[in-house]
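Take a look at the structure below.
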Protein chains: 2
Amino acid sequence: MPADPSERLLEFLQKRAALSREEAVVFAARWSVQRQLKRGDYLCSIGKMEQHVWFIAEGLLRIYYPTDTEEVCVGFSYEDTVVSSFPSFIRQQPSTFSIQALEKCTALGITRTDLYVAIDTWPAVAKLWSGLLEQVVTGLIEREIEISTTTPEQRYHNLLRRAPYLFQRVPLKYIATYLRIKPETLSRVRRTGISAS
Amino acid sequence: MPADPSERLLEFLQKRAALSREEAVVFAARWSVQRQLKRGDYLCSIGKMEQHVWFIAEGLLRIYYPTDTEEVCVGFSYEDTVVSSFPSFIRQQPSTFSIQALEKCTALGITRTDLYVAIDTWPAVAKLWSGLLEQVVTGLIEREIEISTTTPEQRYHNLLRRAPYLFQRVPLKYIATYLRIKPETLSRVRRTGISAS
DNA sequence: CTGATTTCTTGATTTCAATCAATTTTTAGG
DNA sequence: CCTAAAAATTGATTGAAATCAAGAAATCAG
């Protein structure tokens with residue numbers, strides 16, 4: 001894992017997209033917006049127009065939307081993942097999400113125009129984009145099903161199994177909103193160490 | 001609105017994709033699987049591999065997944081919409097959804113291979129596909145937000161405003177599961193005719 | 001048209017997680 | 001290292017919708 005963000009992006013692209021080395025280098029160069037975030041900083045805020053898709057080279061962020069009374073996490077992003085406020089980016093509408101660094105982060109961004117030009121230029125990039133959207137779609141659907149078919153306790157155990165690393169890096173109060181339960185409930189569920197099926 | 005399913009598909013494609021008339025005709029011809037469904041028939045069932053994306057030329061269907069105790073509707077499809085068990089179609093895994101006709105339906109299907117060939121052949125089809133996926137993504141996200149930020153009553157009024165036609169065509173018990181409430185609750189919410197904000 | 005089945009409504013009761021209210025523990029920044 | 005702020009825990013209580021239980025109304029197939 002290279003420390004250099006661009007090098008890391010290049011590896012990511014070559015692993016994920018059917019691009020030649022040269023194409024990958026050219027495409028990677030279009031991810032020209034570098035952001036350094038410290039804990040608490042925002043990559044995107046409610047109401048702002050999302051102009052980029054971000055590659056996270058380092059760090060961890062939460063993606064959330066606010067309600068009257070709390071902030072509900074829809075997901076987390078970390079090293080070697082791609083994140084954006086997709087509905088805002090796709091439709092060019094004000095974002096309904098905020099994306100906040102929970103750790104010091106390094107992100108590389110590509111603009112909307114650059115991305116769509118790349119999609120039109122390289123079929124492999126078009127494929128990468130559809131693949132990413134497909135992943136988002138299947139992820140959202142699976143998540144919706146899980147939330148509505150499982151108990152808070154099951155969801156906790158499922159997440160613990162699928163993504164134990166989150167519990168090392170994310171305050172439980174954010175994990176709680178991601179599981180659609182209150183921190184108090186999560187605390188109680190953890191105490192009674194009932195094992196998952 | 002033409003009665004002929006193929007003609008209807010052609011109109012749909014020309015409206016939605018930047019295809020020339022000739023391209024549209026050639027692409028439309030790949031939607032070669034025609035299905036006639038009567039009330040109660042299935043376009044896709046749990047556990048089956050979804051092999052097609054379907055264009056609905058006529059009729060109305062519900063898309064749902066089963067839980068221990070009920071069937072939860074994730075959406076409806078009707079004339080001039082496209083439907084599939086997307087996660088199954090995309091990943092070629094057994095479907096976690098069933099898609100059932102609530103009325104007599106006519107559907108035209110394109111196979112996975114035919115679709116992906118078309119995507120690779122015509123940039124406009126690739127665009128159509130990404131556009132469709134983008135629509136699914138934004139729809140799912142908005143829905144997730146709505147479900148977790150609104151009361152059953154608000155959701156009922158929102159749906160009544162956005163899609164009044166569903167109430168003409170779909171039994172309330174299916175609408176209830178779509179709103180993530182029990183039929184009894186929906187009934188009570190409808191009785192107390194409190195108007196939406 | 002008509003009887004059977006499905007769907008919808010209404011009432012009584014229960015339940016699971018939310019809320020409210022303090023502490024205790026942990027963490028981060030000076 | 002120390003202290004203030006943030007996060008987590010624990011207990012008591014509440015509440016909104018689910019569940020349970022009949023009936024009434026609508027619909028569909030023969």
Side-chain angles (χ1 to χ4, degrees), chain A residues 37-41 59-62 64 66-73 76 100-105 146-160 164 166-194 196, chain B residues 37-41 59-60 62 64 66-73 76 100-105 146-160 166-194 196:
Chain A
L37 304 170
K38 48 185 196 306
R39 191 185 168 79
D41 286 351
L60 175 68
L61 309 98
R62 70 179 170 124
Y64 70 88
T67 71
D68 291 345
T69 52
E70 59 174 354
E71 294 169 344
V72 180
C73 235
F76 302 95
Q100 185 188 38
L102 298 181
E103 300 174 356
K104 182 179 165 233
C105 290
E146 186 182 28
I147 289 172
S148 78
T149 57
T150 59
T151 63
E153 190 157 319
Q154 289 175 302
R155 293 203 290 283
Y156 164 68
H157 286 297
N158 290 347
L159 186 63
L160 193 58
L166 283 182
F167 291 82
Q168 316 300 131
R169 300 173 71 180
V170 177
L172 292 173
K173 64 171 185 167
Y174 298 134
I175 291 180
T177 72
Y178 178 72
L179 295 172
R180 295 298 184 279
I181 59 181
K182 299 295 145 187
E184 293 93 328
T185 304
L186 177 56
S187 181
R188 287 186 244 270
V189 157
R190 278 157 59 84
R191 176 137 294 275
T192 47
I194 299 166
Chain B
L37 304 170
K38 49 185 195 303
R39 189 184 169 80
D41 286 352
L60 175 69
R62 69 178 171 126
Y64 70 89
T67 71
D68 292 345
T69 52
E70 59 173 356
E71 295 169 342
V72 180
C73 231
F76 302 95
Q100 185 188 36
L102 298 181
E103 299 173 358
K104 182 179 164 235
C105 289
E146 185 182 29
I147 289 171
S148 79
T149 57
T150 59
T151 63
E153 189 156 320
Q154 289 175 303
R155 292 202 291 281
Y156 164 67
H157 287 297
N158 290 347
L159 187 64
L160 194 58
L166 283 182
F167 291 83
Q168 316 301 131
R169 301 173 71 180
V170 178
L172 291 173
K173 64 171 185 167
Y174 298 133
I175 292 180
T177 72
Y178 178 72
L179 294 172
R180 296 297 187 280
I181 60 182
K182 300 295 146 190
E184 294 93 328
T185 304
L186 178 56
S187 182
R188 286 186 243 271
V189 156
R190 278 158 58 83
R191 176 139 293 278
T192 49
I194 299 168

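Every chain is numbered from 1, with letters handed out A, B, ... down the list of sequences.
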| query | Could you state the interatomic distance from CZ (A:R190) to CD1 (A:I175), rounded to the nearest 0.5 Å? | reply | 7.5 Å
| Whole-Å distance between C:dA17 P and A:R190 CZ? | 17 Å
| field | Whole-Å distance separating the CD atom of B:Q154 from the P atom of D:dA16 | value | 13 Å
| message | Using a 4.0 Å heavy-atom cut-off, does A:L186 contact any base of the nucleic acid, only the sugar-phosphate backbone, or nothing at all? | response | nothing
| query | On DNA chain D, nearest-nucleotide positions of B:E184 versus A:L172: which is more 5'? | reply | A:L172
| request: Find which nucleotide of DNA chain C each of B:R188 and B:V170 is nearest to by heavy atoms, and output the residue with the more 5' nucleotide. | output: B:V170
| field | Length of the CD-C1' vector between B:E103 and D:dT27, whole Å | value | 14 Å
| Atom CG of A:L60 and atom CD of A:Q168: how far apart are they, to the nearest 0.5 Å? | 12.0 Å
| task | Check whether any side-chain nitrogen or oxygen of B:T185 sits under 4.0 Å from OP1 or OP2 of D:dA18, and answer yes or no. | result | yes
| remark: Taken to the nearest whole Å, CD/B:E153 to P/D:dA17 is 9 Å
| task | Side-chain contact test, heavy atoms from C-beta onward, threshold under 4.5 Å: evaluate it for B:Y156 versus B:I181 and give yes or no. | result | no
| said: Please confirm whether the shortest side-chain N or O distance from A:K182 to OP1 or OP2 of C:dA17 is below 4.0 Å. | reply: no
| task | Please give the angle, rounded to 10 degrees, between the axes at the start and the end of the helix from C:dC1-D:dG30 to C:dG30-D:dC1, where five pairs define each axis. | result | 70°
| Is the phosphate of D:dA8, meaning OP1 or OP2, less than 4.0 Å from a side-chain N or O of A:S187? | no
| What integer distance in Å separates B:L102:CG from D:dC28:P? | 11 Å
| request: Can you tell me the distance, in whole Å, between the OH atom of A:Y156 and the P atom of D:dA8? | output: 12 Å
| query | Are the side chain of B:R39 and the backbone of B:E103 linked by a donor-acceptor contact shorter than 3.5 Å? | reply | no
